[in-house]
J.: 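Quick one: this structure, given as structure tokens, is what I'll be asking you about.
Predicted model only: the values in this text are computed from it and were never measured. Lettering follows sequence order; numbering is per chain, from 1.
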Amino acid sequence: MLPDTIEPRIQIDRTRDKSHGDLASNIALTLAKVAKKSPRDIATAICAALPEADFVERTEIAGPGFINFFLSGSSSQAVIQRILEQGANFGTSDEGEGRKVQVEFVSANPTGPLHVGHGRGAAVGDSICRLLAATGWDVSSEFYYNDAGQQINNLALSVQARCKGLGPDDDSWPDDGYRGGYIQDIAAAYLSGDKVDSEDRHVLASGDPENLDDIREFAVAFLRREQDLDLKAFGVDFDVYFLESSLYESGQVEATVAKLVENGHAYEHEGALWLRSTDFGDDKDRVMRKTDGGYTYFLPDVAYHFNKWQRGFVRVIDEQGADHHSTVTRVRAGLQALHEGIPEGWPEYVLHQMVTVMRNGEEVKLSKRAGNYVTLRDLVDEVGRDATRYFLGARAANSQLNFDIDLALSKTNDNPVYYIQYAHARACSVMRKMADQALHWDQSFALAQLEQLTQESEKALLRRLDRYPEIVARAAASAEPHMMASYLRELAGDFHSNYNSHKILVDDEAVRAARAALSQAVKQVVANGLALLGVSAPESM
RNA sequence: GGGCCCAUAGCUCAGCUGGAUAGAGCACCCGCCUUCUAAGCGGGUGGCCGCAGGUUCGAGUCCUGCUGGGCCCGCCA
């Protein structure tokens with residue numbers, strides 16, 4: 001029937017519509033042209049030649065020539081046993097084979113409180129870490145910041161001005177000073193000799209308004225602590241805090257320049273040192289060393305990423321705001337110019353677009369503490385950690401995000417966070433009720449009753465549960481945690497729907513056990529999925 | 001002017017790597033609590049998937065060109 005020279009690529013996919021069975025193959029359609037037969041004839045021949053299998057109940061030819069496979073009841077019910085046995089590990093895999101991956105995110109400089117954009121980066125970046133860990137990667141999370149540049153100097157000058165009683169509207173206020181109310185807080189703490197502990201530094205204020213170095217050190221520690229507190233309240237922490245200044249102290253910046261010059265990719269022009277980044281796909285060459293002898297930010301960026309490479313990360317993901325997208329080509333070009341065998345697409349970037357915060361249909365722009373932007377703390381304080389994490393993590397990163405405060409605060413089914421958490425709480429509630437009524441619960445007995453799950457809404461739930469490991473794998477591979485949020489919304493929908501149509505605690509012991517087992521499986525998967533998003537799974541609401 | 005991202009129901013968004021009649025929530029209309037939490041469920045109204053070409057047996061999905069919106073284009077980070 002077919003020329004024996006061809007080697008067809010056999011493709012079997014999940015179906016989108018349950019009337020098409022569980023799995024479907026388009027093989028007959030792809031072979032139709034070369035076989036010079038109609039797709040339906042080919043499909044018929046293939047079906048006739050298929051061996052019998054326990055897990056396939058029947059096959060069907062449909063539409064233009066799809067072969068649909070209907071799996072047997074027992075094979076689809078088996079997922080419950082896998083879930084209950086594997087528990088919190090259900091859905092994990094060893095895809096990463098223990099390889100080292102680094103995820104860098106937030107990386108805010110210590111010049112002010114974290115804003116909503118940092119929150120989005122934190123939600124997305126942290127979920128990526130959790131997804132990678134769940135798929136067998138050896139994950140290291142990292143926060144990179146500059147504690148020594150001109151911005152930090154401006155910060156110190158601003159705090160000093162506040163120490164001397166000046167305000168942002170005074171004539172002698174520093175030109176590029178920070179005007180937010182938090183500067184006043186730092187000044188007050190500094191003057192009263194406070195001690196500050198952050199994740200990566202500890203400083204006691206001298207209280208001397210004339211000592212700019214002391215002020216600088218204190219202000220950085222103070223703001224680092226603020227950021228740590230905000231991130232902690234958000235459920236996010238880091239394995240490594242990396243200082244830009246360390247790249248200078250260790251000579252890595254100098255070494256990087258020397259390497260680029262040695263490799264012939266640098267040239268002097270008008271008193272500055274340039275990298276010929278156009279050799280590596282950039283649209284123009286970039287200055288590395290300014291005429292004043294200082295380096296542009298881009299050079300430490302290259303040195304920093306080379307440092308990551310030397311630390312042995314086969315995969316690095318940088319999560320940043322999309323306003324930094326121009327660094328992507330630049331950093332990769334610099335790394336290529338080092339001739340160190342770094343792959344062209346290394347590191348990977350996940351760039352998130354802007355966040356707009358909405359209240360009563362209007363954009364919110366101001367914060368009392370920070371001045372001209374909405375802080376992460378404002379949001380977490382108002383709508384809570386779970387809702388904030390969910391909303392900031394539930395959208396594809398490369399789409400702009402509307403954060404609707406009214407929706408996040410809503411405690412109805414409008415709000416997907418509560419909707420999903422409620423599914424978990426309901427499942428817990430059923431088990432509590434079971435105990436209250438002194439009904440017998442025996443997991444192994446229940447697992448032997450699964451053939452009782454014959455309702456359409458139960459089968460839909462089984463199909464949904466079966467997909468979970470695949471969702472974890474794909475979300476991790478593409479670094480797109482929002483896929484998990486969508487999945488959980490759908491799973492919760494299937495659960496609530498089934499819950500309303502079929503009572504779990506019925507008199508029939510076998511049916512009751514089977515339904516309770518299904519409910520327990522849903523509870524487990526909801527908990528696992530929410531954990532990957534950094535959202536809690538409450539036992540009651 | 002150049003680069004990156006986006007465009008799907010009135011609104012907010014999914015769409016599983018090219019498959020079969022395009023999905024969900026909100027909003028609007030109609031129903032469901034003496035029964036495991038109504039923070040829930042069922043039904044209905046509502047779409048030239050921005051526009052125009054192209055590739056393919058097949059395109060919301062891939063390619064090209066437009067249009068509209070966001071971000072970025074410094075010897076700032």
J.: Would you please say whether a donor-acceptor pair under 3.5 Å links the side chains of A/Glu95 and A/Ser93?
T.: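 No.
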
J.: Within 90° of 0 counts as syn, otherwise anti: where does B/C33 fall?
T.: syn

J.: Any luck finding a side-chain donor-acceptor pair between A/His324 and A/Asp318 under 3.5 Å?
T.: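 No.
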
J.: With respect to A/Tyr145, which candidate in A/Thr111, A/Ile152, A/Asn109, A/Leu223 satisfies the side-chain contact (heavy atoms from CB on, under 4.5 Å) definition?
T.: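 With A/Tyr145 as partner, A/Thr111, A/Ile152, A/Asn109, A/Leu223 yield a single side-chain contact (heavy atoms from CB on, under 4.5 Å), made by A/Asn109.
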
J.: Within the 4.0 Å heavy-atom criterion, would you say A/Ala396 contacts the bases, only the backbone, or no part of the nucleic acid?
T.: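 Contact class for A/Ala396: sugar-phosphate only.
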
J.: Would you say the side chains of A/Gln421 and A/Tyr390 form a donor-acceptor pair under 3.5 Å?
T.: no

J.: Over all strands shown, is A/Tyr499 touching base, sugar-phosphate only, or nothing at heavy-atom distances under 4.0 angstrom?
T.: base

J.: Which dot-bracket string fits RNA chain B when only Watson-Crick or G-U wobble pairs with both atom distances under 3.5 Å count, crossing pairs get [ ], and | stands for a partner on a different strand?
T.: (((((((..((((.....[...)))).(((((.......))))).....(((((..]....))))))))))))....

J.: Would you indicate which nucleotide in B/A39, B/C36, B/C41 comes nearest to any side-chain atom of A/Lys503?
T.: B/C36

J.: Return the 5'-most residue of the pair A/Ser429, A/Gly493 with respect to RNA chain B, ranking by each residue's nearest nucleotide.
T.: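 Its nearest nucleotide lies further toward 5', so the answer is A/Ser429.
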
J.: Scan nucleotides 67-77 of chain B nucleotide by nucleotide, 5' to 3', and note B when protein non-hydrogen atoms come under 4.0 Å of the base, S if they reach only the sugar-phosphate, - if neither.
T.: --BBBSS-BSB

J.: Please classify the nucleic acid contact of A/Lys433 as base, sugar-phosphate, or nothing, using heavy-atom distances under 4.0 Å.
T.: sugar-phosphate

J.: Indicate the atoms forming the closest heavy-atom contact of A/Val355 with A/Gly117, along with that distance.
T.: CG2-CA, 4.5 Å

J.: Quiz question: by atom type and distance under 3.5 Å, do the side chains of A/Asp285 and A/Tyr267 form a donor-acceptor pair?
T.: yes

J.: Describe the nucleic acid contact of A/His352 in one word from base, sugar-phosphate, nothing, applying a heavy-atom distance below 4.0 Å.
T.: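 Counting heavy atoms under 4.0 Å across all strands, no contact is made by A/His352.
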
J.: Between A/Ser540 and A/Arg395, who's closer to the 5' end of RNA chain B by nearest nucleotide?
T.: A/Arg395

J.: Tabulate atom names and distances for all N/O pairs under 3.5 angstrom spanning the protein and nucleotides 21-24 of chain B.
T.:
unit_1: B/U21; atom_1: O4; unit_2: A/Asp17; atom_2: OD2; d: 2.8

J.: By nearest atom, which of the nucleotides B/G15, B/C6, B/A38 is closest to the A/Met483 side chain?
T.: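 Closest of the options to the side chain of A/Met483: B/G15.
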
